[in-house]
Amino acid sequence: MHPISNYIMSEAKGTTSTTQFDVFAKVTKYDHEQIMLCQDNNTGLKAIIAIHNTVLGPGLGGTRMWNYKTEEEAINDALRLSRGMTYKAAISGLNLGGAKAVIIGDPATQKSEALMRKFGRFVENLGGKYITAEDVGTTTKDMEYISMETEHVVGLPEILGGGGDPSPVTAYGVYMGMKASAKAAFGSDSLAGKKIAVQGTGKVGLHLIELVSKEGAIVFATDIFDSGLKIAADKYKATIVKPEEIFSLDVDIFAPCALGAILNTENINTLKCKVVSGAANNQLLEETTHGDMIKAKGIYYAPDFLINAGGLINVYSEYTGYIKERAFSQTENIYNTVLDIYKKSEADNINTQLAAIHLAEKRINDHMLLKSTY
Ligand code: NAD
C-alpha cells in the first residue's frame, strides 16, 4: 500500500501544475475508515479503494473504470460513492457497509485480463473487508477475472452462480419508489395515465419504461444516444424529446436515469412535475440546498440511494446464496420505506434526502450501541 500524497499532479493544456489536495481533510469530513491506492507498472493498474464504514458488515460497492481527468477527481468519486453505499446498505436493512473502487483509465482501450486480475489481488489483500462488484466501465466478464484472484466479488454471470445483470431489480425498486411517491403526491399509487419523463434510456431506464408502460403511463424519453430511444419509441410508444427539454416538460413525474448531480438551482426552477423518482446516483448537485429547494416547490423527491438499492439487494442476495424471488421481494419493501421517509420529512421539517440519511445513520448508530453491549 502506497502512502497517499497530499499533492496531486494535474495535466492542463500540455503543462503540468501542482495543486494542493488534502486527502485527510476529505476523509475526515465524511469519516471514511480507509483509502487504499493500488498501482502496478506491469499492467498499468491505477486504482483507489475507498472504505467508508464497516459497522454493519463488509463494505460492498462496485468498481468503476473511468478516464478521470485528474487523480483528485478519481479520489473524490471514490469517496463520494463509497459514502452513498454505506447509506444505501443501511437503509435497505442489509448487513453491509459502504465502499467503492475506481480504476483510472479508459475501459475501451486500457482494460485487460491481467489488469483486472491484479486488481483482484488487491481486493483479496483486504481480507473480505471490501467486496467488489460491477459498475460503470466494468462488466460481469471483469468480475469473472477478479474472481480468479479473490472470492470477495459479486455480480458474477448467472452461469457461474451469480445474479447476472442487476438492472431489472434496480428498475423494480425505482418503480416501487415511484408508486409510493405517487401515493404521497396524488393520493393513489396508480401510474395509469400519468405523464412520466425518463432521462436516460440505458439498462435501468428501459426496464423502468417497460414497467410504467404496462401500467398505462404515458412516457416521454431522452438520451444522448439513439439505440435506447428507438426501443422506447418503437416498443413503448414513448415520445422522444431533446436532452435539454426533459427538465421543463409538463409531466407528473420526472425519472432521472442517466448521470448524477443533474438537479441544480437553474433546472429545479423549471421543473413542473410533482414527483422526482429515478435511478441515477447522487441526483442532487448539493444535498441540502437542492433538496430544500425541491421540498419548497412541493415536489416529492424519492431519495436516490434508497430507491435504486435493488441492484445492491440483488448482489447481497448473491453473497448470501442467490434466490431471484427473494431479491425482488426484498426490493418491494422500498415502497414502505419511501412512505416512511415522506412522513419523517414532514415531521422533522427536513428534505427527504436528509431524512433518508438520518434513518440510515440511526441504524448504523443503533448497531454500534448493540456491539458495545456484547
Ligand atoms: P446506462 O449506462 O446503461 O444508461 C445510462 C444512459 O444515460 C445511457 O443510455 C446514456 O447515453 C444516457 N445519458 C448519459 N448522459 C445523458 C444526458 N445528459 N442526457 C440524457 N441521457 C444521458 O446506466 P444504467 O445501468 O441504466 O444506470 C443508470 C443510472 O442509474 C446511473 O446513474 C447508475 O449509476 C444508476 N444505478 C444503476 C444501477 C444498475 O443496477 N444498473 C444501480 C444503481 C444505480
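Quick note: numbers below take in every heavy atom, side chains included, and nothing from hydrogens, waters or symmetry partners. Counting from 1, the numbers follow the sequence of the chain as shown. We count ligands from 1, going down the list as the structure has it; atoms in each ligand are counted the same way.
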Distance filter under 4.0 Å to Phe225 heavy atoms, resulting ligand 1 atoms: 11 (O)
Identity and separation of the nearest protein heavy atom to [atom]:
atom                    : answer
atom 4 (O) of ligand 1  : Gly202 CA, 3.2 Å
atom 43 (C) of ligand 1 : Asn308 O, 3.6 Å
atom 3 (O) of ligand 1  : Lys203 N, 3.0 Å
atom 21 (N) of ligand 1 : Asp223 CA, 3.4 Å
atom 26 (O) of ligand 1 : Val204 N, 2.8 Å
atom 33 (C) of ligand 1 : Asn281 ND2, 4.2 Å
atom 14 (C) of ligand 1 : Ile224 CD1, 3.8 Å

Reference residue Ile196; test side-chain contact (heavy atoms from CB on, under 4.5 Å); the match among Ile253, Ile209, Ile218: Ile253
Any nitrogen or oxygen of [X], main chain or side chain, under 3.5 Å from a nitrogen or oxygen of ligand 1?
X      : result
Gly205 : no
Lys88  : no
Thr170 : yes
Thr201 : no

Do other residues, nucleotides or ligands put more than 12 heavy atoms under 6.0 Å from [X] [atom1]?
X      : atom1 : result
Glu113 : CD    : yes
Lys344 : NZ    : yes
Lys362 : NZ    : no

Whether Gly260 lies under 4.0 Å from ligand 1, heavy atom: no
Contact with ligand 1 for Gly228, non-hydrogen, under 4.0 angstrom: no
Remaining members of hydrophobic cluster (4.5 Å side-chain criterion), Leu229: Ile240
Under 4.5 Å side-chain linkage, directly or through intermediates, the cluster mates of Ile323: none
NZ or CZ of Lys26 within 45° of Tyr30 ring axis and under 6.0 Å: no
Residues Asn53 and Asp31: side-chain donor-acceptor under 3.5 angstrom: no
Test: Lys230 and Asp226 ion pair at under 4.0 Å: no
Closest to atom 32 (O) of ligand 1 among Cys257, Ala258, Ala279, Ala221 (heavy-atom distance): Ala258
Parallel, tilted or perpendicular: rings of Tyr300 and Tyr342 (30°, 60°): perpendicular
